[in-house]
Number of protein chains: 2
Amino acid sequence: MKKKENRTAFVILGLLSHENLSGYQLKKQIDAGLKEFWSAGFGQLYPTLKELREKGLIEAVTEGGNKRGLTVFSITDAGRAALKEWLRKPVLQQTVKYDILLKLYFGAALKPEENLVKIDNFRKQAEMQMEKYAQYEQVLRSVLDDSDDHTYFLLTVLFGRKVTKATLEWAEESRQLLINLKKEKKEPER
Amino acid sequence: MKKKENRTAFVILGLLSHENLSGYQLKKQIDAGLKEFWSAGFGQLYPTLKELREKGLIEAVTEGGNKRGLTVFSITDAGRAALKEWLRKPVLQQTVKYDILLKLYFGAALKPEENLVKIDNFRKQAEMQMEKYAQYEQVLRSVLDDSDDHTYFLLTVLFGRKVTKATLEWAEESRQLLINLKKEKKEPER
DNA sequence: TGAAGCATGTAAGCAGTTACATGATTTC
DNA sequence: GAAATCATGTAACTGCTTACATGCTTCA
């Protein structure tokens, strides 16, 4: 049976390639830097850490005199090799599952008004997202020359910004289409 | 324990609200009309159909004189009610997991050239996508007044088109950023 | 002293994927 | 007669989420 790649394992390896971290700190890093396109719970993180350790891809280092149970991990040479191998594998096209599109596809079962509310909520979320991206971008551009990493971080932020902006435009266009649908119902067949 | 909503079940209910279908036909409909934002395998479909039947949300009808084992399903009133209830539930913001962003986030571990190839492959896929969306859009606009459904189908196509176009712009901008990174390496610190 | 945050972990369960098995029908 | 497609289903597994358990530290 073809083994699926556990992407969480590679996210851990990737973050540990930047700096040594504990499980808890990994979670925080993911929530801070990757939350727009990745998420991970403790229930996934801790077992994966254990697995990576057994495979010799990471080690527990517990630096700074073992302050109450904090287990800090570092990546091994084998870990770095595994990370690079994964990074080099071509990215397969994947179906991105959007709940909003799923519900709109069957939208004719509801009134246009109800779908308009859905689109409006989506728009509001996207607007809040845009503000965050603008902040991220500003910060990253100001430290862009400090490290190659920053350019790559910026790429992911730019992606989010562009895509979110596109969804805002879509929301406006969709609003118009649904308003037209409403009008046709009021004055049918002309 | 809070029960997760089995979205595949609602996709089935949604499609059956349009017309009666067998498991095999459902798979084909999903691959044809929803594949840009949803996918489902037989291993998920058949057990879910069984479950929906046990709950009384769908019925086996086997119309047209039972031609060799073809089991056609229809939605019940209870099924329609369940579908509407789900459609009305607000859509929660979800993390959309993009493998390409994950890999680019850790891109500094590779050479800029390798990441450029990644972005270029992504761009090519997006370009092919765009052609499909253009075709879908043309067809749907020509039959827009035939059914309310078509407006809602069009919304999902427009979403795909806008977002894909945004990713194309992003690919171009990203290319430039990585080319700059390459140049800086050749003439460092000036 | 009590809340918030730090820190690690387990158990249960669901969604979804992959591979496999089986056989009928259609088409070249 | 072979290949492609139609058609249904099961078994095994993985990835991930949710809920729960536990205890320490910091700070108002």
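Note that this is a predicted model, so its numbers are computed, not measured. A, B, ... follow the sequence lines: proteins, then strands. Residue 1 opens every chain.
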Under 4.0 Å between a side-chain N or O of A:Ser39 and OP1 or OP2 of D:dC16? no
What's the CG-C1' distance between B:Asp31 and D:dC6, to the nearest Å? 14 Å
Roughly how bent is the helix from C:dT1-D:dA28 to C:dC28-D:dG1 end to end, in steps of 10 degrees, with each end axis from five pairs? 30°
Whole angstrom value for the distance that separates C1' of D:dA4 from OH of B:Tyr24: 10 Å
Take B:Lys97 and B:Gly23, find for each the nucleotide of DNA chain D with the closest heavy atom, and name the residue whose nucleotide sits nearer the 5' end. B:Gly23
So what does B:Gly43 hit on the nucleic acid, given a heavy-atom distance under 4.0 Å: a base, only sugar-phosphate, or nothing? base
side-chain N/O B:Thr71 vs D:dA7 OP1/OP2, d < 4.0 Å: no
Donor-acceptor pair, side chain of B:Lys97 and main chain of A:Ser39, under 3.5 angstrom: yes
Give a yes/no answer on whether the side chain of A:Thr8 brings an N or O atom under 4.0 Å of OP1 or OP2 in D:dC16. yes
Can you check the A:Lys50 NZ to C:dT10 P distance for me, whole Å? 6 Å
Evaluate salt bridge (charged side-chain N to carboxylate O under 4.0 Å, His left out) for B:Glu172 paired with B:Arg175, printing each intermediate quantity in order. CA-CA 5 Å; B:Glu172 181 51 34; B:Arg175 227 184 97 246; 3.0 Å; yes
Atom pair distance, as rounded to whole Å: CD in B:Gln25 and C1' in D:dT8: 13 Å
Aromatic rings A:His18 and A:Phe153: how do their planes relate, parallel, tilted or perpendicular, breaks at 30° and 60°? perpendicular
For B:Lys28, answer base if it contacts any base atom (sugar-phosphate contacts may also be present), sugar-phosphate if it contacts only those atoms, and nothing otherwise; contact means non-hydrogen atoms under 4.0 Å. sugar-phosphate
Please report, rounded to the nearest Å, how far the P atom of D:dC6 is from the CG atom of B:Leu45. 15 Å
Just how far, in rounded Å, is C1' of C:dT17 from CD of A:Gln94? 14 Å
Presence of B:Arg7 side-chain N/O under 4.0 Å of C:dG16 phosphate oxygens OP1/OP2: yes
I'd like to know if the side chain of B:Lys55 and the backbone of B:Ala78 have a donor-acceptor N/O pair within less than 3.5 Å. no
Rounded to the nearest angstrom, tell me the gap between atom CG in B:Asn6 and atom P in C:dG13. 17 Å
For the pair A:Lys165 (side chain) and A:Met130 (backbone), establish whether a donor and an acceptor sit closer than 3.5 Å, ignoring hydrogens and angles. no
Taking the side chain of B:Tyr46 as heavy atoms from C-beta outward, which of C:dA7, D:dC16, D:dT10 is closest to it? D:dT10
Under 4.0 Å between a Lys/Arg side-chain N and an Asp/Glu carboxylate O for A:Glu127 and A:Arg123? yes
Rounded to the nearest Å, what distance is computed from the CG atom of residue B:Leu34 to the P atom of nucleotide C:dG16? 13 Å
Give me the ring orientation class for B:Trp170 and A:Phe159: parallel if the planes are under 30° apart, tilted from 30 to 60°, perpendicular past 60°. perpendicular
